[in-house]
Amino acid sequence: MSGLQPVRGTHDLLPEDSRRHRHVEDTAFAVARRYGYGEIVTPIFEFTEVFSRTLGETSDVVTKEMYTFQDRSGESITLRPEGTAGVARAFISGGLTQSLPLKLFYRGPMFRHERPQKGRQRQFHQVGCELLGVETPQADIEVISMGWRILAALGLGDKVQLEINTLGDAESRAAYRAALVSYLEPMRMALSEESQARLDKNPLRVLDSKDEEDKRIVAGAPVIGDCLTPAARDFFDQVTQGLTAMGIPFVVNPKLVRGLDYYCHTAFEFTTTALGAQGTVLAGGRYDGLIGQMGGPATPGIGWAAGVERLSMLVQGVPDLDRPVSIVPMGDVVPALVLADKLRAAGLSVDLGFSGNMKKRMARAAKANARYAIILGEDEMARGAVTLRDLDAGSQEEIPLAQVEARLVG
């Protein structure tokens with residue numbers, strides 16, 4: 001048993017790590033509730049088609065990173081690599097068209113078989129939101145502003161940069177795709193093998209290449225802003241004007257794109273350099289064609305997802321837990337158990353050691369950052385009393401056992 005280790009790319013969340021994660025998730029949900037979002041919990045695994053149809057058959061996630069297996073019924077099942085597809089599937093299978101608009105928040109583990117690195121694991125956690133049924137720029141502004149407010153609530157407002165771009169409408173994208181292919185085709189053989197394949201199947205994804213020569217080539221590529229229809233330009237102008245009016249700083253990144261055809265209009269990322277190389281901590285965009293592509297009714301949508309691991313690494317000053325009361329029994333333990341149960345029922349956090357002399361028990365109380373210690377010695381108990389020690393002030397007094405709850409709770 002001593003040789004057992006966690007699977008590569010997974011890690012245990014011990015209490016301190018778990019507390020940081022929970023702080024990120026709870027802060028995000030608290031802000032989301034103020035925007036009118038309700039929490040949705042979808043299954044951790046879905047039929048593989050849910051993801052292969054939404055992420056693209058040729059995407060790295062589908063071809064290289066998904067955890068896919070056959071269950072005992074021979075069905076192809078995949079552990080969810082992201083949250084949006086499951087939410088869209090729930091919308092379709094739940095027949096929720098009559099409930100539009102829908103504001104949904106999610107959180108939980110995701111799974112991708114990729115190289116583990118700082119802030120990125122094979123089992124990782126995300127928080128995210130989806131706003132379904134609103135086709136106007138107002139939705140884009142609200143979703144982005146909610147992401148901004150969450151990051152600000154976590155104390156990260158000065159550590160992140162909002163980058164935003166437009167993907168235009170279908171006509172704009174078609175024109176941009178043609179312009180991009182026309183630019184890249186003469187340099188095809190200089191591109192990486194992966195980008196050559198993307199040039200044929202999904203040319204916008206060449207812009208995402210991490211290959212240094214690819215980066216040099218695409219630096220001079222046309223930008224989608226040159227191909228926008230008047231309607232698409234007006235849509236983007238309304239989004240940026242709304243963000244400006246709300247005091248949310250941003251920069252327009254003309255190379256920020258999404259490769260799949262169901263994406264349109266707004267794409268955005270909150271990035272940071274606080275973790276070393278520039279990294280994305282929250283990203284999203286508008287996907288008006290997704291639900292229709294999955295077989296549901298044509299439904300506009302926009303959302304984002306954020307990595308909890310990366311956010312928890314950035315967060316400073318996680319709120320302390322409620323300070324407990326430490327009970328120190330020096331004789332019969334039963335009265336201590338009864339008192340602990342009574343105080344817990346009254347809403348107090350109570351730490352009750354199981355063994356050790358007075359010195360060890362008081363050391364335990366100090367380690368637990370207890371506010372008070374209640375000492376139940378045999379002499380005090382014979383008088384129906386306890387010793388209440390104020391661990392901050394260093395003072396103590398004897399009080400009747402019957403008054404302990406009123407003294408601490410009141």
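The first residue in the sequence is number 1, and the count goes up from there.
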Parallel, tilted or perpendicular: ring planes of Tyr67 versus Phe111, cut at 30 and 60 degrees = perpendicular
ask   = Do you see a donor-acceptor pair shorter than 3.5 Å between the side chains of Ser395 and Asp390?
value = no
Min side-chain heavy-atom separation Gln161-Glu269 under 4.5 Å = no
message = Check whether Arg286 reaches the backbone of His265 with its side chain - one donor and one acceptor, N or O, closer than 3.5 Å.
response = no
task = Check whether any side-chain N or O of Thr27 sits under 3.5 Å from a backbone N or O of Leu154 as a donor-acceptor pair, and report yes or no.
result = no
ask   = Within the distance-only criterion (no hydrogens, no angle test), does the side chain of Ser145 pair as donor or acceptor with the backbone N or O of Ile141 below 3.5 angstrom?
value = yes
key: Ion pair check, Glu142 and Lys103, cut-off under 4.0 Å   = yes
ask   = When you check the gap from the basic side-chain N to the acidic O, do Arg216 and Asp211 get nearer than 4.0 Å?
value = no
inquiry  = Checking the side chain of Arg19 only, and the main-chain atoms of Pro319 only, is there a donor and an acceptor separated by less than 3.5 Å?
reply    = yes
query = Ignoring hydrogens and geometry, is there a side-chain-to-backbone donor-acceptor pair from Arg258 to Gly284 under 3.5 Å?
reply = yes
remark   = Of all heavy-atom pairs linking Gly147 and Leu282, the shortest is CA-CD1, 4.0 Å
message = Please find the pair of heavy atoms, one from Leu352 and one from Ala336, that lie closest to each other, and give the distance.
response = CD1-CB, 4.1 Å
query = Taking all non-hydrogen atoms of both residues, which atom of Tyr37 and which atom of Cys129 are closest, and how far apart?
reply = CE2-CB, 4.0 Å
key: Validation row: Arg89, Met294 side chains within 4.5 angstrom (heavy atoms)   = yes
message = Could you check whether Phe29 and Phe105 have their ring centres less than 6.0 Å apart?
response = yes
message = Can a donor-acceptor pair be found, under 3.5 Å and without considering hydrogens, that links the side chain of Lys159 to the backbone of Leu314?
response = yes
note = Taking every heavy atom of Pro335 against every heavy atom of Met381, the minimum-distance pair comes out as CB-CE, 3.5 Å
inquiry  = Could you check whether any side-chain heavy atom of Phe47 comes within less than 4.5 Å of a side-chain heavy atom of Ser52, counting everything from C-beta outward?
reply    = no
message = Is it the case that the side chain of Arg122 and the backbone of Thr10 share a donor-acceptor pair, with hydrogens and angles ignored and the cut-off at 3.5 Å?
response = no
Donor-acceptor contact present, side-chain Ser312 to main-chain Glu309, <3.5 Å = yes
request  = Check each of Asp140, Thr166, Asn165 against Thr266 using the side chain to side chain donor-acceptor pair (under 3.5 Å) test, and report the only one that passes.
outcome  = Asp140
key: Contact check, side chains of Met66 and Thr48, non-hydrogen atoms, under 4.5 Å   = yes
message = Under a 3.5 Å distance rule, please check whether Arg112 uses its side chain to pair with a backbone N or O of Pro81 as donor and acceptor.
response = yes
NZ/NE/NH1/NH2 to OD/OE distance under 4.0 Å, Arg80 and Glu46 = no
message = Between Tyr372 (side chain only) and Pro324 (backbone N and O only), is there a donor and an acceptor less than 3.5 Å apart?
response = no
key: salt_bridge(Asp17, Arg22) N-O dist < 4.0 Å   = no
key: Minimum-distance pair of heavy atoms, taken over all atoms of Ala365 and Leu391   = CB-CD1, 4.3 Å
inquiry  = Are the side chains of Thr97 and Thr299 in contact, using a 4.5 Å heavy-atom criterion?
reply    = no
Within-4.5 Å side-chain heavy-atom neighbours: Leu376 and Glu380 = no
